[in-house]
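First up is the structure itself, then whatever we jot down about it.
Residue numbers start at 1 and run along the sequence shown.
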Amino acid sequence: MMCMNSDLLKSEYNIKESAVRLMNMAEADIKDRFNEIDKIASANTLRVLSAFKRAGVSEMHLGSSTGYGYDDVGRDTLDKIYADVFGTESALVRHNIVSGTHALSSCFFGLLRPGDTLLSVTGKPYDTLEEVIGIRGNASGSLKEWGINYREVDLLPDGSADLEKIAEAITDDVKLVTIQRSKGYAWRKSLSVSDIARIIACVKEKNPDTLCMVDNCYGEFVEEIEPTNVGADVIAGSLIKNPGGGLSLSGGYIAGRKDAIEKISYHLTAPGIGSEVGATLGMNRNMYQGLFMAPHIVAQSVKTAILAARMLELAGYSVCPESYESRHDIIQAVKLNDKEKLCAFCAGIQRGAPIDSFVTPVPWDMPGYNEQVIMAAGAFVSGASIEISADAPIKEPFIAYMQGGLTYESGKIAVLCAVSDILDK
């Protein structure tokens, strides 16, 4: 493990000696875990590199188009590479998909029609999807306004899927089942690909025609396989999270069955136009290189999360997942039970970030959320959660959700700052 200059940590970051001792103890405890993570990164790097090779990527694919973007070979080839990497028939990778919520919303509106029912089988959806669906607020254009119904099946108390109730809920009107892989703002384990496989098998046994869509945000490349390798019809995510590798400046992806992706593309642009247009405006190079880097960068984030988990365990806090548990996304939750400590933790992460380290995050009314949210994100790309960040809704029991870290070495400095700051409280 890396030796750190304790004098510089103290003078530049005001790190307490007790926090450094916690870090040293934690690194000794978790060093064997890192070998497992490196093996997964190697397997996923081979998967990505092989897809690049099969696509014959060259300098011309990194170029740009303007206007309508007809015949943009870089854009079209990147779609094929994503489909190859995720084991699907087709994919859409676009810089103008503005967020993970936008990617998921495009799937909903592309695949559902008035009278259809959307069924969430992982309980309440992520906060920003509530207004998309129409179960909170009165935003114009929600699924509810378009006559699309919504139901949900809660997870069991242990965080696993309630397969019996899911089977009961699959009626003829349920055209799309949505599965949230990550915990979101919930105190539960994130779903493994094996967990998702069991849900999909349950749905398909009841009705093979019901489409299964996975919100794959924060989960890409954490395991050696993806939900589409175990039967998911569609997956979607954000490029400023895992698959962008810290280099994509914006964007999202959707991958899955060819017929499903075509319908979604017609919603994303216009019927009859679909994926045939869309100028890349100089974004191709970052998106290609970001995908190439993604398996390695995700491994750095997972290592940072495990370090944070172990340090916080040693400091006496409850964490989810615990440091020894297998990982299925890059998110680390810590229950702080105190608003002041929550804000201090997020401020510490911000203080250890490379950008805006002098800024102190404060709770604010963030669009799409029910409660105020505090968000630490000192990132090269604004809001990029693959970079070291932490955020939380301001509500009891005051749980912080930390994720990201472009390098383990820098990630642990941010974790040191956060832990040192809560020790002060």
Please determine whether salt bridge (Lys or Arg N to Asp or Glu O under 4.0 Å) holds for the pair K39 and E36, giving the CA-CA distance in whole Å, both sets of side-chain angles, and the decisive distance to 0.1 Å.
CA-CA 5 Å; K39 288 177 183 177; E36 303 166 22; over 6 Å; no

Trace of the side chain to side chain contact (heavy atoms under 4.5 Å, CB included) decision for W187 with I399:
CA-CA 8 Å; W187 186 259; I399 299 170; 3.6 Å; yes

After noting the C-alpha distance and the side-chain angles of R94 and R75, does the key distance pass the side chain to side chain contact (heavy atoms under 4.5 Å, CB included) rule?
CA-CA 8 Å; R94 297 292 182 274; R75 179 198 65 214; 3.5 Å; yes

In sequence, state the C-alpha distance, the side-chain angles, and the governing distance for D162 and L155, and then conclude on side chain to side chain contact (heavy atoms under 4.5 Å, CB included).
CA-CA 6 Å; D162 191 336; L155 294 166; over 6 Å; no

Given side chain to side chain contact (heavy atoms under 4.5 Å, CB included), test Y13 with I413 step by step and report yes or no.
CA-CA 9 Å; Y13 292 98; I413 293 172; 4.2 Å; yes

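Under the 30°/60° scheme for interplanar angles, the aromatic rings of F34 and Y408 are found to stand perpendicular. The aromatic rings of Y401 and Y185 sit tilted, their planes meeting at an angle between 30° and 60°.
Counting all heavy atoms, side chain and backbone alike, A103 lies closest to Y253 at CB-O, 4.2 Å. Taking both residues in full, the closest heavy atoms of E313 and S323 are given as OE1-OG, 2.7 Å, listed atom of the first, atom of the second, then distance. Considering all non-hydrogen atoms of both residues, G348 and C417 come closest at O-CB, 3.1 Å. Residues G378 and P354 come closest through the heavy atom pair O-CD, 3.4 Å. The two residues T178 and L118 make their nearest non-hydrogen contact at CG2-CD1, 3.9 Å. The heavy-atom pair separating A161 from I166 by the smallest distance is CB-CD1, 4.0 Å.
The closest donor-acceptor contact from the side chain of D79 to the backbone of V93 lies under 3.5 Å. Remark: the backbone N or O of L406 is not paired with any side-chain donor or acceptor of E387 at under 3.5 angstrom. No donor-acceptor pair under 3.5 Å is formed between the side chain of T304 and the backbone N or O of K412. Of the possible donor and acceptor atoms, one in the side chain of K175 sits under 3.5 Å from a partner among the backbone N and O of D172. In this structure a side-chain-to-backbone donor-acceptor pair under 3.5 Å is present from D195 to S192. A donor-acceptor pair is defined here as one N or O able to donate and one able to accept, closer than 3.5 Å; no such pair exists between the side chain of D173 and the backbone of T117. Remark: the backbone N or O of S64 is not paired with any side-chain donor or acceptor of R285 at under 3.5 angstrom. Looking only at distances, a side-chain donor or acceptor of T45 sits under 3.5 Å from a matching main-chain atom of A41. Remark: side-chain polar atoms of T228 are not paired, donor with acceptor, to backbone N or O of G87 under 3.5 angstrom. At distances below 3.5 Å, not a single donor-acceptor pair connects side-chain atoms of N286 with backbone N or O atoms of M283.
Taking 4.0 Å as the cut-off between side-chain N and carboxylate O, K80 and E89 do not count as a salt-bridged pair. One finds no salt bridge joining E27 and R310 here, because no Lys/Arg side-chain nitrogen approaches an Asp/Glu carboxylate oxygen to under 4.0 Å. Comment: R181 does not engage D329 in a salt bridge, judged by the lack of any side-chain N to carboxylate O separation of less than 4.0 angstrom. A salt bridge links K303 to D38: one of the charged nitrogens lies within less than 4.0 Å of a carboxylate oxygen. Looking at R136 and E130, a side-chain N of the basic residue comes within less than 4.0 Å of a carboxylate O on the acidic one, giving a salt bridge. Using a cutoff of 4.0 Å between basic side-chain nitrogens and carboxylate oxygens, K165 and E168 are not scored as salt-bridged. The pair R47-E226 meets the salt-bridge criterion, with a side-chain N (NZ, NE, NH1 or NH2) lying under 4.0 Å from an Asp/Glu carboxylate O.
With a 6.0 Å radius and a threshold of 12 heavy atoms from other residues, nucleotides or ligands, K144 has its NZ atom at or below the threshold. Atom CG of N138 has 12 or fewer heavy atoms from other residues, nucleotides or ligands within 6.0 Å. The number of heavy atoms from other shown groups lying within 6.0 Å of CD (E152) is above 12. Atom CG of D71 is surrounded by 12 or fewer heavy atoms from other residues, nucleotides or ligands within 6.0 Å. Under a cut-off of 6.0 angstrom, the local environment of CD in E145 is crowded, with over 12 non-hydrogen atoms contributed by other residues, nucleotides or ligands. The 12-atom threshold is exceeded at NZ of K204, counting heavy atoms of other residues, nucleotides or ligands nearer than 6.0 Å.
A side-chain donor from one of D391 and Q403 sits under 3.5 Å from a side-chain acceptor of the other. Between the side chains of S265 and H267, no donor-acceptor pair of N or O atoms lies under 3.5 Å. Side-chain contact, T171 with R151: a donor N or O sits under 3.5 Å from an acceptor N or O.
For the atom pair CZ (F86) and CG (N216), the distance works out to 6.0 Å, reported to the nearest 0.5 Å. To the nearest 0.5 Å, atom CD1 of residue I37 and atom CG of residue D32 are 11.0 Å apart. With values rounded to the nearest 0.5 angstrom, C343 atom SG is found 5.0 Å from I394 atom CD1. A distance of 4.5 Å separates CD1 in I374 from SG in C346, rounded to the nearest 0.5 Å. To the nearest 0.5 Å, atom CG of residue D233 and atom CG of residue D209 are 10.0 Å apart. The structure places CG of D84 at 11.5 Å from CG of L78, a figure rounded to the nearest 0.5 Å.
At a threshold of 4.5 Å between non-hydrogen side-chain atoms, the residues Y126 and Y369 count as touching. For the pair S389 and M402, the minimum side-chain heavy-atom distance is 4.5 Å or more. No side-chain heavy atom of N337 sits less than 4.5 Å from a side-chain heavy atom of L342. Residues V85 and F221 have side chains in contact (heavy-atom distance under 4.5 Å, counting atoms from C-beta outward). D116 is not listed as a side-chain neighbour of L176, based on a closest heavy-atom distance of 4.5 Å or more. Within the 4.5 Å cutoff, the side chain of F292 has no heavy atoms near those of the Y288 side chain. Counting only heavy atoms from C-beta outward, the side chains of I349 and I388 approach each other to under 4.5 Å. Between I254 and I261, the closest side-chain pair of non-hydrogen atoms falls below 4.5 Å.
For the pair K241 and Y218, the cation sits on the ring face: its NZ or CZ lies under 6.0 Å from the ring centre, inside 45° of the axis.
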